[in-house]
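Notes follow the structure.
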Amino acid sequence: MIKRSSAHIIRTPRIRQPLSAVAFLLISFLSLPSMAQDSFIDDTVNISAVTVTARASARLEPYTVIRIEPGIISRNEGNDLATLLQRSSLLNVKRYGNHGLASVSIRGMSGSHTLVTWNGLTLNTPGNGYSDFTLIPVLPGSSVRIISGGADMADMTGFLGGKVELESEPLFGSGREASLSFGAGSYGSFSPSASVSIGGDHAFARLSAWADWSRNDFRFVNHDAPQGEVAGRRTNASWNSSGLMGDIAYRKGTSTVTMNLWVNDTDRELPGPVTTVQQDFDERQTDRSFRGVITYSAGYERFTTSVTAGGSHDINRYYHQIPANNGNNISSVAMIRVKAGYRLSSKTYLEVRAGDSYEQAKSLSYEAEEKRNLFSLSLSGKSTPLPGLNIMAQARQVAVTGIRVAPEFTAGISWMLPHNGEHIIKASVSSNTKIPCLNDLFWIPGGNPDLIPERSRGGEASWSFLRISQTGLRNSLDVVLHVSRASNLIQWVPGQSGIWNAMNVREVNVIGTEFRAGTEQTLHKWLLRGTANYAFTRSVIARSDIANDRSAGRQLIYIPVNHANLTINAVRKWFNTGLTTSWESRRYTASDNSEWLPHTFMTDAFAGIDIRSGKFIWKTEVEVNNLLNNTLESVRNYPMPLRTIKVKITLTLSDKRKSE
Amino acid sequence: MKTLFKTLALITLAVANSCETIDEPSLFPEGEGFFILNEGNYTQGNGSVSFYSTETGDIYNNLFSKANQRALGDIPSCMAVYGNTGFIVVNNSGTIEAVDLRTMESLGTLTGFDSPRQMIISGNTGYVSSLQSEKVTVIDPDKIEKRGWLHIGSTTEAMVISGGRLFSAHWSGGNSIAVTDLASGELITSVTVGLEPESMVIDRNGKLWILCTGGWMGEEIPRIVRINPSSLEAEAEFLFRTVDDNPSSLTSNAAGDTLYYLDEGVRRISITAAALPDAAFIPAGDRLFYRLMVTPGGMIAVTDAIDYQQKGDLLVYNSRGELVDTEKAGIIPGFMLCRHGL
């Protein structure tokens, strides 16, 4: 039997090693004489905007690109990416309880249709095609972009729902900074972290380390207990995660080399569902991943080029009280990608991308180690035939071992109406594919090597408004209409033999609209920021090859028709406060929509003070999650905590100059 | 104004009194029929109970939650009857709900089971098999409490009792039937049959028939084995066609002279037959038959779980194999049990 207990998981000394190493570096760094530079230009703390809006470059793309504001990322440092996206975007997060496996779906598709990349490296494991967003920490210096729909073809393979893009941005010329942070919260949650960064004119280096552990034995309400409604405590739910991330960059002239490394180690107990009584199957899972990417980019007159090479190695082990149920999944990816661009004229730009990815995966449920090679070639052209008018066309062909893949294309247009670029109208159409994951192809029993890629055809039209006042205040509104039809969707269905098989069985129609509004106002000495987002998504099964299937015309399970969130933030000098609230309408849990989870309403509140003294910044943040103490379930019978409190203290020593 | 209040109070009182005299309508009718346990989706806790009246041809769904205002639990897998009390084994919740078979109201909940799977009652003692424990739990159905355990030495699923002996199938990865003397509680022996014995039935001659699926991965050809429960010797063995066959749900008619099972439809075989039938008595067609039961009146009830994510169908055939009714049951309709004389 696997040795398992909360004490074992939480107190393992291995977890502290990377943190200790960085703490040592940090102390060493702090002992260095600091450069005599003006650290801060303003006498007030500059807290980044908390709006989620499309930035200028993203606004010009003919499809929806959202960049999560650094202020929101900063406030969510120490949380996982699923939490960040849940609070700040219209993505649907499906989570098996607190710290449980979390997948993210975009525009009515499932979590397997969401691509996740980190500095160009795909994070979706080749085995199951998913990425567990709980395992991705929000770190200083992270950049998060969301691309809705499958129109973007910057990557080697397609996706149907959308993409979450993570980047570690090198901050050349930013000076030196070191920070230590310590968070503590309800139910034995602790999250220390440390980072150091040095940004010169030609070189940049950053090292971050973090740990996060929790007993996670939170209180919840069991409405279905045999004795009636009772309060309970979660068992077998402890969580322990740690990691290291390093970023190094060097530039000379127009050439830049960056290297990113990421080691992640997570050990968590998996609580069972609360089905009248709380289940406990003694389940536990460990996830270890090693990832690295090197990118060289250069430009010479009309030419631009970049080469990206990287790889990942993921080890996932699952333990059950019955050893025969244990799992051991290992997957590796090695990739190289070359991009070459040429500016034909001041109005036209062409780009060729080619890449190769080698994937291999082992599982106790595979007959042998499965391997495949994926080659991708894409062409892209952009033109500005008239002032403010941008036209874009892309095409991609993917060749995969043993699978025939149809070509993909995207065509789009964006038109910046005259008037200081405040109004942009844009539209795009695209045809995309997603290749089956290795589990769908080779899992025994039921894997189906004859699966064909899933396919989506669709488009969107949108209007984007952005007004920036002379004082720098921003007001924005984005309205998007999107429609798509996904076919050949892969689902595991039971057969006459009693074995479930992966099959291309369903078609799904998606139609939806999204609204995003952001505003910044001043009131006396307060700076007020607010954002409101709303999505209406009808994602219905249009056709099914399953006999007697009554799901046609029904909403896909776990996709809410209505989803909205609202963030309000008030800042005055060294004090800031605000709240985030989100609402999801009912989420169906049966394919014929006969059962559902009720709508959820979640409100978080936060407040913080920033005290500055010379080169030191002392930041204290308090966060109250689920302020209204609502009973919540993201996945049926996997309760989320009632009200929780978290306090985080960050000490930063910085001689940062303004970043370039 | 006072008069008005008095009048209103009197009217309210009169309405309240008149309400008390009206009986609550029953959730489901009396008379002949059978219960269907809808397993629901694994970990979703949406198992439910339906009742199909063979007299009216109507189905009544979600009986437990309607009667008790709470969920039944995760994967109700079996039901045993003790007088007017039904014991519903809720596998993945690790509970057994005792219910009044006339109203479906809960009489008590037994908790703390380790993957309980099936239950059988003999005299005033119930036995509960387990997919994860090597013990069969002994239940006192009168007091609705645990009485003890039988140490079987393997996990168990299907059970029958014959001649004071408990025959429990080691289904999950096993290939044997454990034989336990109920008087002493001692394990007598273990009889090797085929891989993964899934269902068992006693025929009119007292012979034990065992359907072995051959393993969920198709390790060996499925078979039906007939055993003499006294001598414990195998008397006959019927092999299916290939390892890809997936028979299940062996049962018998009320007379115990004909066996029924699922194998690409409903098949039946006389207990005196020399070979398995070549063709299905009721072909599955585009249906995915999941569970099977034959009523004392000869009706054949089959469930279709469709995609296992939506409410499934109950299909009722007459004794000639003609479809007489189709009803929508709960999610993954599975185990069925007749109710008589209530």
Side-chain angles (χ1 to χ4, degrees), chain A residues 96 222-229 272-282 320-322 324-325 365 444-446 491-500 503 505-506 541 544-552 554 556-557 588-597 633 635-638, chain B residues 40-47 65 68-75 90 92-95 97 106 108-112 114-115 131-132 155 172-173 213 216-218 244-248 262-265 284-290 304-313 326 328 330-331:
Chain A
Y96 285 80
N222 180 2
H223 297 283
D224 295 325
Q227 66 273 37
E229 186 174 294
V274 182
T275 60
T276 64
V277 294
Q278 184 171 193
Q279 300 295 288
D280 186 348
F281 307 123
D282 284 355
H320 191 273
Q321 62 186 16
I322 301 175
N325 291 348
S365 295
I444 295 176
Q491 187 175 334
W492 284 72
V493 294
Q496 289 286 1
S497 65
I499 302 296
W500 290 54
M503 309 277 282
V505 288
R506 275 179 172 151
I541 296 169
S544 169
D545 291 338
I546 300 171
N548 307 297
D549 189 357
R550 282 188 282 261
S551 65
R554 306 291 184 181
L556 282 186
I557 59 172
Y588 294 102
T589 57
S591 63
D592 59 354
N593 290 181
S594 60
E595 297 187 1
W596 58 84
L597 287 171
E633 285 179 358
V635 172
R636 189 169 180 164
N637 296 318
Y638 287 87
Chain B
N41 301 113
Y42 181 68
T43 75
Q44 294 212 8
N46 55 345
S65 58
N68 301 290
Q69 300 302 309
R70 64 179 173 88
L72 173 62
D74 204 28
I75 319 293
V90 191
N92 205 43
S93 292
T95 59
E97 291 282 356
S106 177
T109 307
L110 292 167
T111 60
D114 199 0
S115 196
L131 282 185
Q132 293 194 3
T155 59
S172 183
T213 65
W216 69 288
M217 295 275 282
D244 294 326
D245 294 337
N246 187 53
S248 67
L262 295 178
D263 177 19
E264 296 177 351
D286 65 354
R287 292 285 183 178
L288 278 172
F289 287 170
Y290 183 59
D304 177 358
I306 308 180
D307 67 346
Y308 290 66
Q309 288 188 337
Q310 60 184 282
K311 290 185 184 300
D313 284 341
T326 302
K328 191 194 285 188
I331 292 177

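Chain identifiers are assigned alphabetically (A, B, ...) following the order of the sequence lines, protein sequences preceding nucleic acid strands; residue numbering begins at 1 within each chain. Please read all numbers here as calculations on a predicted model, not as lab measurements.
For a residue to count as touching a neighbouring chain, one of its non-hydrogen atoms must lie under 4.5 Å from one of that chain's; by this rule Ile75(B) does not touch chain A. Looking at Val277(A), only its side chain comes within 4.5 Å of chain B, counting heavy atoms on both sides. Proximity to chain B (any heavy atom under 4.5 Å) is restricted, for Ile557(A), to the side chain, taken from C-beta onward. Neither the backbone nor the side chain of Asn68(B) comes within contact range of chain A; no heavy atoms are under 4.5 Å apart. Neither the backbone nor the side chain of Gln227(A) has a heavy atom closer than 4.5 Å to any heavy atom of chain B. Both the backbone and the side chain of Ser93(B) have a heavy atom closer than 4.5 Å to some heavy atom of chain A.
When all heavy atoms of Gln44(B) and Thr275(A) are compared, the pair lying nearest together is C-CG2, 4.3 Å. Smallest separation of non-hydrogen atoms from Lys311(B) and Ser594(A): CE-CB, 3.4 Å.
Annotation: the span from Asp307(B) atom CG to Trp500(A) atom CH2 amounts to 7.5 Å, rounded to 0.5 Å. The OG1 atom of Thr111(B) sits 13.0 Å away from the CD atom of Gln278(A) when rounded to the nearest 0.5 Å. Interatomic distance, CD1 of Ile546(A) versus CG of Asp286(B), reported as 12.5 Å (0.5 Å rounding). Separation of atoms CD (Gln309(B)) and CZ (Arg554(A)) is listed at 14.5 Å; rounding is to 0.5 Å.
Looking at Gln310(B), its side chain never comes within 3.5 Å of a backbone N or O of Ala590(A) through a donor-acceptor pair. Using modelled atom types, no side-chain atom of Asn548(A) and backbone atom of Ile306(B) make a donor-acceptor pair closer than 3.5 Å. Counting only distance, with no hydrogens or angles, the side chain of Asn637(A) and the backbone of Thr43(B) share a donor-acceptor pair below 3.5 Å.
Taking 4.0 Å as the cut-off between side-chain N and carboxylate O, Asp74(B) and Arg636(A) do not count as a salt-bridged pair.
In terms of heavy-atom pairs under 4.5 Å with chain A, the best-connected choice from Asp313(B), Asp304(B), Asn41(B) is Asp313(B). In terms of heavy-atom pairs under 4.5 angstrom with chain A, the leader among Asp263(B), Thr109(B), Thr213(B) is Thr109(B). When each of Val505(A), Val635(A), Val493(A), Asp549(A) is scored by its heavy-atom pairs under 4.5 Å with chain B, the top score falls to Asp549(A).
For Phe281(A), the CZ atom sits in a packed shell: over 12 heavy atoms of surrounding residues, nucleotides or ligands are nearer than 6.0 Å.
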